[in-house]
2 protein chains.
Amino acid sequence: MNDLKDTILSFISINNVDIDFGLQFFKEESFKKGTFLLKPNEYIDTFYFISNGCVSYYTIEDGKTQVMELFTEGYFFTDLYAYIEEIPSNAYLEVLEDLKVYAISKEDQQKIFDYSHEFERFGRLSMQRAFVNNFRRINELRSLSNQERYLQLLEKRPDLFQRVPQYLIASYLGLTPVGLSKIRKRLSQV
Amino acid sequence: MNDLKDTILSFISINNVDIDFGLQFFKEESFKKGTFLLKPNEYIDTFYFISNGCVSYYTIEDGKTQVMELFTEGYFFTDLYAYIEEIPSNAYLEVLEDLKVYAISKEDQQKIFDYSHEFERFGRLSMQRAFVNNFRRINELRSLSNQERYLQLLEKRPDLFQRVPQYLIASYLGLTPVGLSKIRKRLSQV
DNA sequence: ATTTCTCATTAAACTAGTTTAATAAGTGGT
DNA sequence: ACCACTTATTAAACTAGTTTAATGAGAAAT
């Protein structure tokens, strides 16, 4: 649980007693590859921190898989939209690689936010982080071509290409496997 | 300033003394159409609430204007990315219609977050709101066609079409004026 | 009234993706 | 060792957008 503790401490200054009070609410859980942490029409009230493994966050629309995010070690994740709005999800959270997480319920999260102003601040700052990540994502979708986004992903998260099938990466980049293949071919010819 | 007060109260429960403590840090300001609240390479440490008017938040890349958001009455706005990260912006905030805002500096915002746990919570919740809006945006960019996004904007923010030139709306939708014209023509022929 | 400027539309050629379908190359289960 | 299944590539036809450039129409300036 030290990876989680260190991550929280990178956001806020908080004394040992208080952070340990908070950490007690995170439960260690493990899931096998292929497990679904969430399926469409289900509610989600759990917030996860990944200690180990990989999770795909995707929807299926008109029969087509749309990967929105691929979470790996060190990420906090949930279906943040359904979680915040307390509405049924329309997404899947599927374990792509055997997974070890620290999980906290929304109820317990509220407890630690109430318990300490510092944790409330952690909530605000991690929400900021989520915003910034999403903002970068949206800007990249707007301003970069598919080819540029492919190259950028290759640079920023090279591990993904080793651990995740290419058609999921294609979907994450917003194109079809065929489209990604074409881009790769085009790049290899130069 | 009641519109701002009501908006804050829609996020949190807070007594009158405390909210008035917070509100004193918001300064009323007015700007004429054509004013720039922010230009590329400038820092921004102000958070605005729009009482009246309209602001375009855009970048220019390779000579092309990219409208990221169009803010109107009741919106909180800033260049949230540059504001959070405390880096020089690469965007413009341009007043499209004479504007009345309530503005608070980052320093003063920090004061009210320190002053009261409830304001810290307001910070967290409004950050959540920003996240959710951005999330919706990203999902729409991913899952809807340009035509569908046009129709949706027409439904959700019909006022924009009255107050903002069409080429800005085209840019907001991520296409060229020519492209938007084609979509409108296609729709009018059915 | 005339000119000038801004904005929206249209046309034509082009482009980066799509879809569908066939093929090839691994990979896993029995 | 074999078969079935999954994944990646390629080809061919198609599509929704792009760019550039010309035209039209309304508003603002002199």
Side-chain angles (χ1 to χ4, degrees), chain A residues 32-34 54 56 58-67 70 92 94-98 140-154 158-190, chain B residues 32-34 54 56 58-67 70 92 94-98 140-154 158-190:
Chain A
K32 286 280 169 207
K33 175 175 178 173
C54 181
S56 171
Y58 64 94
T59 56
I60 300 185
E61 293 184 38
D62 310 323
K64 282 162 211 159
T65 298
Q66 302 244 14
V67 176
L70 295 164
Y92 295 84
E94 179 182 348
V95 177
L96 295 184
E97 275 178 11
D98 288 359
E140 284 161 11
L141 279 173
R142 287 188 68 87
S143 66
L144 301 183
S145 68
N146 289 331
Q147 177 170 316
E148 288 169 322
R149 295 215 319 288
Y150 166 72
L151 288 169
Q152 190 171 300
L153 189 65
L154 204 54
D159 60 305
L160 283 185
F161 293 81
Q162 306 311 314
R163 50 205 292 196
V164 169
Q166 191 172 301
Y167 69 91
L168 289 180
I169 289 176
S171 171
Y172 178 63
L173 291 169
L175 29 83
T176 60
V178 177
L180 180 52
S181 241
K182 279 195 175 185
I183 286 172
R184 285 162 61 83
K185 188 178 187 189
R186 192 159 68 226
L187 286 166
S188 72
Q189 283 168 342
V190 183
Chain B
K32 285 281 169 207
K33 175 175 177 172
C54 181
S56 171
Y58 64 94
T59 56
I60 299 186
E61 293 184 37
D62 311 323
K64 282 163 211 159
T65 299
Q66 301 244 15
V67 176
L70 295 164
Y92 295 84
E94 179 182 350
V95 177
L96 295 185
E97 274 177 12
D98 289 359
E140 285 161 11
L141 279 173
R142 288 189 67 87
S143 65
L144 302 183
S145 69
N146 289 331
Q147 177 170 317
E148 288 169 322
R149 297 215 318 289
Y150 166 73
L151 287 169
Q152 190 171 301
L153 189 65
L154 204 55
D159 60 305
L160 283 185
F161 294 81
Q162 306 312 314
R163 49 206 291 199
V164 170
Q166 193 171 301
Y167 70 92
L168 290 180
I169 289 176
S171 172
Y172 178 63
L173 291 169
L175 30 84
T176 60
V178 177
L180 180 52
S181 242
K182 278 195 175 184
I183 287 172
R184 287 161 60 83
K185 188 177 187 190
R186 193 160 67 226
L187 286 167
S188 71
Q189 283 169 343
V190 183

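Letters go in sequence order (proteins before strands), and every chain restarts at 1.
The OH atom of A/Tyr167 sits 15 Å away from the P atom of D/dC5 (whole-angstrom rounding). Counting to the nearest Å, the C1' atom of D/dT9 and the NZ atom of A/Lys185 are 8 Å from each other. What separates CG of A/Leu168 from P of D/dT6 is a distance of 14 Å, to the nearest Å. Spacing between atom CZ of A/Arg186 and atom C1' of D/dT10 amounts to 15 Å, rounded to whole angstrom units.
When heavy atoms are screened at a 4.0 angstrom cut-off, B/Leu180 is found touching no nucleic acid atom at all.
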Worksheet item: Please walk me through it: do B/Tyr167 and B/Leu180 pass side-chain contact (heavy atoms from CB on, under 4.5 Å)?
Response: CA-CA 8 Å; B/Tyr167 70 92; B/Leu180 180 52; over 6 Å; no
Practice prompt. Test side-chain contact (heavy atoms from CB on, under 4.5 Å) on B/Ile183 and B/Leu173 and set out the steps.
Written response: CA-CA 12 Å; B/Ile183 287 172; B/Leu173 291 169; over 6 Å; no
Worksheet item: Yes or no on side-chain contact (heavy atoms from CB on, under 4.5 Å) for A/Leu175 and A/Tyr150, after CA distance, side-chain angles and deciding distance?
Response: CA-CA 10 Å; A/Leu175 29 83; A/Tyr150 166 72; over 6 Å; no
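Closest approach of A/Glu94 to A/Tyr58, counting heavy atoms only: OE1-OH, 2.6 Å. Residue A/Asp98 comes nearest to A/Lys33 through the heavy atom pair OD1-N, 2.8 Å, listed as atom of the first residue, atom of the second, then distance. Contact record, B/Asn146 with B/Arg149: OD1-NH1, 3.0 Å, taken as the closest heavy-atom pair.
Within the 4.5 Å cutoff, side-chain heavy atoms of A/Cys54 are placed close to those of A/Val164. A heavy-atom distance below 4.5 Å is not found between the side chains of A/Arg163 and A/Leu96.
Heavy-atom distances to DNA chain C give each of B/Pro165 and B/Lys182 a nearest nucleotide, and the one nearer the 5′ end belongs to B/Pro165.
Rounded to 10 degrees, the angle between the two end axes of the helix from C/dA1-D/dT30 to C/dT30-D/dA1 is 40°, with five pairs used at each end.
Where DNA chain C meets chain A (any atom under 4.0 Å from a heavy atom), the bounding nucleotides read 5' to 3' are C/dG17 to C/dT20.
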